[in-house]
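To start, the structure itself, in structure tokens.
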Amino acid sequence: MSKYIVADDHPLFRNAICQVLQTLDENSDIVEAQDMASLQIKLADHPDTDLVLLDLHMPGAHGFSALAYVKGQFPDLPVLVVSANEKPEIMQRAVEFGSKGFLPKSSDIEKIQKAIQSALSGNVWLPEHATESTPVSEDECKLMEGIASLTPQQYLVLTMLAEGLLNKQIAYELDVTEATIKAHMTAIFRKLGVRSRTQAVLAISKLNLEPPESVTT
């Protein structure tokens with residue numbers, strides 16, 4: 001029996017993926033998450049997960065930063081990126097950043113099954129139309145490594161910072177003191193190699209994806 005975490009903010013798509021997983025193994029243990037905050041909790045509660053299906057567009061994900069976070073916290077856990085953004089260069093980048101493949105939301109059941117089975121086998125799966133892309137830059141690699149080194153709390157602070165929240169607001173949301181948030185900020189700046197809030201926001205924004213033209217759920 002395999003255990004999966006399906007992380008996507010669209011209930012209909014999560015349901016569709018869950019049905020496909022059950023066709024592969026009717027005894028599958030499937031855990032669902034609708035945003036990065038809930039994914040962090042599910043990952044901590046289910047360290048024996050065999051595969052994460054990760055939507056890069058769900059709330060709090062901030063594009064490839066979500067993949068960097070998961071791989072940083074759980075380096076041996078296979079991740080299959082799922083997205084309605086079907087640009088070939090995005091697909092290749094997902095693999096270059098450590099995923100076991102890229103599953104477009106427009107995929108039929110057969111392709112979804114193949115992608116999942118490939119990821120579980122340790123192989124990489126990409127759609128046929130995915131083409132080669134230019135290698136990721138050294139700066140991008142350093143940024144991904146920096147995000148991967150963040151603690152769960154630091155990652156939450158960074159995403160809230162990217163959403164425009166002030167220290168006081170972040171402290172309120174996380175139920176901690178502003179001094180704690182300032183300490184997190186200092187650590188985040190050091191790990192990302194930046195010196196200010198603005199530079200931190202610009203850094204994580206480099207990993208964002210353009211919204212897909214249409215979302216298939």
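Computed from heavy atoms alone, side chains included, the values below leave out hydrogens, waters and symmetry copies. Treat the numbers as computed from the prediction; the structure is a model and nothing was measured.
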When you compare the side chain of Thr23 with that of Gln113, does any pair of heavy atoms fall below 4.5 Å? yes
Below 4.5 Å, heavy atoms only, C-beta onward: do Lys105 and Asp8 meet side chain to side chain? yes
Hey, are the side chains of Pro127 and Met91 touching, using non-hydrogen atoms and a 4.5 Å cut-off? yes
Between Ser28 and Leu24, is there a donor-acceptor pair closer than 3.5 Å when you use the side chain of the first and the backbone of the second? no
Distance-only polar pair, side chains of Gln73 and Tyr155, donor-acceptor under 3.5 Å: no
What do the steps show when you test Arg93 against Phe102 for side-chain contact (heavy atoms from CB on, under 4.5 Å), and what is the final call? CA-CA 9 Å; Arg93 231 156 186 69; Phe102 187 102; over 6 Å; no
Minimum side-chain heavy-atom gap Gln117-Trp125 below 4.5 Å: no
With a 4.5 Å heavy-atom cut-off, do Leu103 and Ile17 have their side chains touching? yes
Could you see if Ile5 belongs to whatever hydrophobic cluster contains Ile41? Use Ile, Leu, Val, Met, Phe, Trp, Tyr and a side-chain cutoff under 4.5 Å. no
Side-chain donor-acceptor pair present, Thr177, Thr180, cut-off under 3.5 Å: yes
Taking the basic N atoms (NZ, or NE/NH1/NH2) and the acidic carboxylate oxygens, is any pair closer than 4.0 Å for Lys3 and Asp48? yes
Would you call Leu77 and Val52 a side-chain contact if the rule is heavy atoms closer than 4.5 Å? yes
ILVMFWY cluster, Met185 and Tyr172 together (side-chain gap under 4.5 Å): no
Straight-line distance of Leu21 CG to Asp29 CG, nearest 0.5 Å: 11.0 Å
Residues at least two apart in sequence or cross-chain that pass ring pair (Phe, Tyr, Trp, His ring centres under 6.0 Å) with Tyr4, listed by chain then number, are none
Does this structure show an ion pair linking Lys142 with Glu138, if we count only N-O contacts that are shorter than 4.0 Å? yes
Donor-acceptor pairs under 3.5 Å, side chain of residues 193-205 to any protein atom, not counting sequence neighbours: which ones?
from, atom 1, to, atom 2, distance (Å)
Ser196, OG, Gln199, N, 3.2
Arg197, NH1, Asn167, OD1, 2.4
Arg197, NH2, Leu165, O, 2.9
Gln199, OE1, Arg195, N, 2.7
Ser205, OG, Val201, O, 3.4
Ser205, OG, Leu202, O, 2.6

Decide if atom CG of Asp45 counts as having more than 12 heavy atoms of other residues, nucleotides or ligands within a radius under 6.0 Å. yes
With heavy-atom distances below 4.5 Å as the criterion, would you say the side chains of Pro104 and Ser83 are in contact? no
Across all chains, not counting sequence neighbours, the side chain to side chain contact (heavy atoms under 4.5 Å, CB included) partners of Leu174 are Gln153, Leu156, Val157, Met160, Ile170, Val176, Ile181
Test: Lys71 cationic atom under 6.0 Å from Phe97 six-membered ring centre, within 45° of axis: no
Return the CD to CG distance between Glu163 and Leu158, rounded to the nearest 0.5 Å. 9.5 Å
Say you draw a straight line from CG of Leu67 to CG of Leu56; how long is it, rounded to the nearest 0.5 Å? 7.0 Å
